[in-house]
Number of protein chains: 2
Amino acid sequence: MEPATGTHAALAPIPANNAAGTDINPCSACPVRSLSVCSALEQEELRRLAEILVNMKVEPGHTMFSEGDKADMLFNVTSGTMKLYKLLPDGRRQITGFLLAGDFMGLSVNDTYAYSAESVTQATLCRFPRRRLEALLEDYPKMQRRLFAMASNELAAAQDQMLLLGRKNAKERIASFLLLLSQRAVRRGFKDNPVHVPMSRSDIADYLGLTTETVSRTFTQLKTSRVIALMEGGKVKINDRDALQDLADGAA
Amino acid sequence: MEPATGTHAALAPIPANNAAGTDINPCSACPVRSLSVCSALEQEELRRLAEILVNMKVEPGHTMFSEGDKADMLFNVTSGTMKLYKLLPDGRRQITGFLLAGDFMGLSVNDTYAYSAESVTQATLCRFPRRRLEALLEDYPKMQRRLFAMASNELAAAQDQMLLLGRKNAKERIASFLLLLSQRAVRRGFKDNPVHVPMSRSDIADYLGLTTETVSRTFTQLKTSRVIALMEGGKVKINDRDALQDLADGAA
DNA sequence: AAAAAGCTTTGATCCAGGTCAAGGCAGGGC
DNA sequence: GCCCTGCCTTGACCTGGATCAAAGCTTTTT
């Protein structure tokens, strides 16, 4: 049994019905479960593992861990949105990614986290001792394969983001961002239009390498040109997807 | 035997003494060899694989593959420097990384390359059918592990680069770049000072999200303030590593 | 319901780095 | 040797997005 650690004291463990013995649902997104899809992971093994999982629920703005902390825990997002970011000493921030249900965080090559993680919305996560995963990987090579595929996908996304940060202008960045959110929504079976944009202007700015003012002005421009419409509840209606796509590709 | 494909026609296969049966040197960097370090890969297996490897030598500026090409080949750099980049339709370019001896390129989740690859200097590479690697991974799980570690490292580097591109100014970018080159040199057992900078101003600019003019001016500034000295042969002498480090971290 | 605290938007101004233009300098071909 | 070509550097100017400032709007507190 893992006792709640100091840094995670504020986290409320969910009493939860996904304790040991729950049915194996590939998409319910706990690490064991999402990874077990393609492995011959056995019931008994799964049951043992479920015992060391800790499900937790956090409010918006809760810091899960910070860059440089000892990385002995691994998290799997089960609902809500998280943000990963890096800071410069003077406070400048770069958000490297937003995570949704099913995404992993906390994987690390050396023994400290390479970034900080904070909740954007209310979120639920599944915590898991890193060592245990490593042990699991020894026994179930197919999990390793799955993990590698995940890392490869993240890497491809990171390369797209480098192109955006290094070479796109403000309008192109916002267009790319909206399409990304829209595509991710589709992939997860949610409605892709209007797009739900749960993060603040400041988070968007720090993700796109802009300022809140520029983000706001650019949204206004896109709204004025009828490409999008801003709706209440942080929703954005995409009126002209082709125009947005051309902008995002830098073709316009 | 793999016939030379159309796109690789210009590549000169090296007659080479690293054909089948050569000694197994972990750091000689062909994929089989560098991966075999931590696997129980057997002599016989290795010998069979060496037969399908194609060693090649390319001149500076040679395109190995382009974004969108069918990704059926995998490459391992054995000497020289390569660059990976993405383009926007209007020609804006973002270099996502420079590869040195021992680095892999061409790994891809779907079946097309996500970026283009071109040689910066004269370089030698080892070409390898992707399918063959996949088959190998089935049999040797530890290779998978190694590959995952590589992808994780690349991912961490990509996140550092996002911070650089999104939030650092020109001086901080150049400082970070020089320190990166220096550190990589050390890790590979080369002299780290003066640093060898084999790429053109234009490549540096496209890697750092700047223009050639700004790169040039910034080098001049650092030279004027005695932090570095520009030497002949594309070498840069680091005079004040601490100052450079403070700049790179955004602490100055 | 009023006050307070945070976002978000909009406006006015500024400046780091981009753009445009012109030399400088080194290597290669003849 | 001398031109040609392709970097690299430097200068002059411009601009997209940052910065600074001030309202709106929303949400929370009391």
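Chain letters run A, B, ... following the sequence lines, proteins first and then strands; every chain starts at 1.
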Non-hydrogen side-chain atoms of A:Gln159 and B:Lys86 separated by less than 4.5 Å
yes
Kindly say if A:Ser216 contacts the phosphate of C:dT10, meaning a side-chain N or O under 4.0 Å from OP1 or OP2.
no
Heavy-atom protein contacts under 4.0 Å, nucleotides 17-30 of chain D, coded B base, S sugar-phosphate only, - none
SSBB----------
Using whole Å, report how far CG of A:Leu208 lies from C1' of D:dG16.
16 Å
Just how far is it from atom CZ of B:Arg173 to atom CG of B:Asn169, taken to the nearest 0.5 Å?
7.5 Å
Have a look at the helix from C:dA1-D:dT30 to C:dC30-D:dG1 and give the angle its two end axes make, five pairs each, rounded to 10 degrees.
40°
Length of the line joining B:Met199:CE and D:dC7:C1', which is rounded to integer Å:
16 Å
Among B:Gln94, B:Met199, B:Arg93, whose side-chain contact (heavy atoms from CB on, under 4.5 Å) with B:Asp206 holds?
B:Arg93
Can you tell me the distance, in whole Å, between the CD1 atom of A:Ile174 and the C1' atom of C:dT9?
14 Å
What's the spacing between A:Met105 CE and A:Leu74 CG if we round to 0.5 Å?
9.5 Å
With a 4.5 Å cut-off on side-chain heavy atoms, are B:Ser119 and B:Thr81 touching?
no
B:Asp203 CG to D:dC8 C1', straight-line distance once rounded to whole Å:
14 Å
To the nearest angstrom, how far is A:Ile204 atom CD1 from C:dT8 atom C1'?
11 Å
Is the distance between the ring centroids of A:Phe75 and A:Phe128 under 6.0 Å?
no
A:Phe219 side chain reached by A:Thr214 side chain, heavy atoms, under 4.5 Å:
no
Over all heavy atoms of both residues, which pair between B:Val120 and B:Met82 is shortest? Give the atoms and the distance, please.
CG2-C, 3.9 Å
Any side-chain N or O of B:Thr220 under 4.0 Å from OP1/OP2 of D:dT10?
yes
Using 30° and 60° as the class boundaries, would you call the ring planes of A:Phe65 and A:Tyr115 parallel, tilted or perpendicular?
tilted
In whole angstrom, give the distance that lies between atom CD of B:Gln221 and atom P of D:dG11.
12 Å
Rounded to whole Å, the CZ-C1' distance (B:Arg201 to C:dA26) equals 14 Å
